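Worksheet: the structure to be examined is printed underneath.
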Amino acid sequence: MIYTLISFFLDTLLSLSIDSAYQNINIFFPLIFVSSIPISYVLIKSKKLFFITYIIFGILLDLLYSDIIFINLYYFILTGLFCYIFYSNHKTTYFNITLISILSFILYDIYIFLILILIGYSNFNISSLFYKISHSLILNISYIIISILILKSRILVCKNCFKK
């Protein structure tokens, strides 16, 4: 739970302080909170608490940053359900956690991209989507790896919770 709060505040702090943009796309847009969802899923033992926490944060992020209500809420629930299905069918390894975390922020960019195009809010193209994803990879992957290294002992304890 503390990791979730730290990720939220770090994501908020970085998104407010990093100001380099290319065609109205924040180049190093941190998706630290989004990429922390799979790690938090492993760390929070009560899955009911996990989903309640991310529903609250989804609503909070929608109120703070989004003009479209429930956009983050739906994504957080879908990501949590994906983690539930994935971790119930696969071993919880550091590689799997890293892979799912990377996929979560890449799919979030695609999800937001599609919604903004569908509602006619913006006229992004595929090259700007790839540009944004490629430039946010460094920051987000660094955070994922640092998180896993710091929380290694805690994740190891939680990995035993998923063994069948």
Side-chain angles (χ1 to χ4, degrees), residues 1-20 25-62 64-66 71-113 129-164:
M1 188 71 150
I2 294 172
Y3 174 70
T4 305
L5 288 170
I6 290 171
S7 297
F8 176 76
F9 288 119
L10 189 61
D11 194 10
T12 304
L13 180 70
L14 286 174
S15 65
L16 293 174
S17 64
I18 296 176
D19 196 22
S20 58
I25 301 171
N26 197 337
I27 297 173
F28 296 110
F29 187 74
L31 292 174
I32 288 173
F33 189 70
V34 173
S35 62
S36 72
I37 295 173
I39 298 170
S40 295
Y41 184 83
V42 173
L43 293 175
I44 299 175
K45 292 184 183 190
S46 170
K47 300 313 167 200
K48 187 183 291 188
L49 177 64
F50 169 81
F51 281 105
I52 290 170
T53 302
Y54 276 91
I55 286 171
I56 291 169
F57 277 112
I59 292 170
L60 183 63
L61 282 173
D62 285 330
L64 290 175
Y65 296 113
S66 178
I71 192 168
N72 289 313
L73 174 67
Y74 292 140
Y75 184 78
F76 293 165
I77 291 172
L78 288 174
T79 304
L81 289 174
F82 177 75
C83 289
Y84 175 77
I85 292 167
F86 182 82
Y87 290 128
S88 61
N89 294 321
H90 294 86
K91 287 179 108 177
T92 307
T93 62
Y94 299 121
F95 177 75
N96 284 344
I97 294 169
T98 305
L99 180 68
I100 299 304
S101 296
I102 292 169
L103 282 175
S104 70
F105 77 80
I106 290 173
L107 290 175
Y108 181 80
D109 279 337
I110 294 170
Y111 170 75
I112 296 296
F113 175 79
L129 174 67
F130 285 125
Y131 184 86
K132 193 230 176 275
I133 290 172
S134 66
H135 284 78
S136 66
L137 277 172
I138 296 168
L139 180 65
N140 292 302
I141 290 175
S142 300
Y143 182 73
I144 293 166
I145 291 171
I146 290 169
S147 295
I148 289 175
L149 290 175
I150 290 172
L151 299 168
K152 192 174 188 176
S153 62
R154 177 80 196 260
I155 291 172
L156 186 62
V157 170
C158 294
K159 280 173 56 172
N160 296 329
C161 301
F162 293 105
K163 287 187 177 178
K164 293 182 179 181

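None of the values given here were measured: they were computed from a predicted structure.
In this structure, CD1 in Ile37 is found 10.5 Å from CD1 in Ile77, a value given to the nearest 0.5 Å. One distance of note links CD1 of Ile71 with CG of Asp62; it measures 7.0 Å at 0.5 Å rounding. One finds the CZ atom of Phe105 at 10.0 Å from the CG atom of Leu107 (value rounded to the nearest 0.5 Å). With values rounded to the nearest 0.5 angstrom, Leu99 atom CG is found 9.0 Å from Thr93 atom OG1. Between the CG atom of Leu139 and the CG atom of Asp11 there is a distance of 9.0 Å, given to the nearest 0.5 Å. Rounding to the nearest 0.5 Å places CG of Leu103 at 9.0 Å from CD1 of Ile110.
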(Q) For Lys152 and Tyr94: C-alpha separation, side-chain torsions, deciding distance, then whether side chain to side chain contact (heavy atoms under 4.5 Å, CB included) applies. (A) CA-CA 9 Å; Lys152 192 174 188 176; Tyr94 299 121; 3.3 Å; yes
Q. Do Asp109 and Phe130 pass the side chain to side chain contact (heavy atoms under 4.5 Å, CB included) test, and can you show the C-alpha distance, the side-chain angles, and the key distance before you say yes or no?
A. CA-CA 9 Å; Asp109 279 337; Phe130 285 125; over 6 Å; no
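A donor-acceptor contact closer than 3.5 angstrom is absent between the side chains of Ser35 and Tyr143.
Scanning both residues, Leu31 and Asn140, for their nearest heavy atoms gives N-OD1, 2.9 Å. Closest heavy-atom contact between Ser104 and Ser101: OG-O, 2.7 Å. Across Leu151 and Tyr3, no two heavy atoms sit closer than the pair CD1-CD1, 3.5 Å. Heavy-atom minimum distance, Ile100 versus Phe82: CD1-CE2, 3.5 Å. Looking at every heavy atom in both residues, Lys91 comes nearest to Asn96 through O-ND2, 2.6 Å. The nearest pair of heavy atoms linking Ser7 to Ile32 is O-CG2, 3.9 Å.
Phe33 has its ring centre less than 6.0 Å from the ring centre of Tyr54.
Looking at heavy atoms from C-beta onward, Ser36 lies out of side-chain contact with Phe8 at the 4.5 angstrom threshold. Using a 4.5 Å heavy-atom cutoff, the side chains of Ile59 and Phe76 are not in contact. At a threshold of 4.5 Å between non-hydrogen side-chain atoms, the residues Phe113 and Ile133 do not count as touching. Val34 places none of its side-chain heavy atoms less than 4.5 Å from the side chain of Asn72.
Judged by distance alone, the side chain of Tyr75 and the main-chain N or O of Tyr108 form a donor-acceptor pair under 3.5 Å.
By the ring pair (Phe, Tyr, Trp, His ring centres under 6.0 Å) test, Phe51 is found to be paired with no residue, residues two or more places apart in sequence or in another chain being considered. Shown here are the side chain to side chain donor-acceptor pair (under 3.5 Å) partners of Thr53, two or more places apart in sequence or in another chain: there are none.
Annotation: Leu64, atom CG; neighbour count of heavy atoms from other residues, nucleotides and ligands within 6.0 Å is above 12.
Note that Lys47 lies in the cation-pi zone of Tyr41, set by a 6.0 Å cut-off to the ring centre and a 45° limit from the axis.
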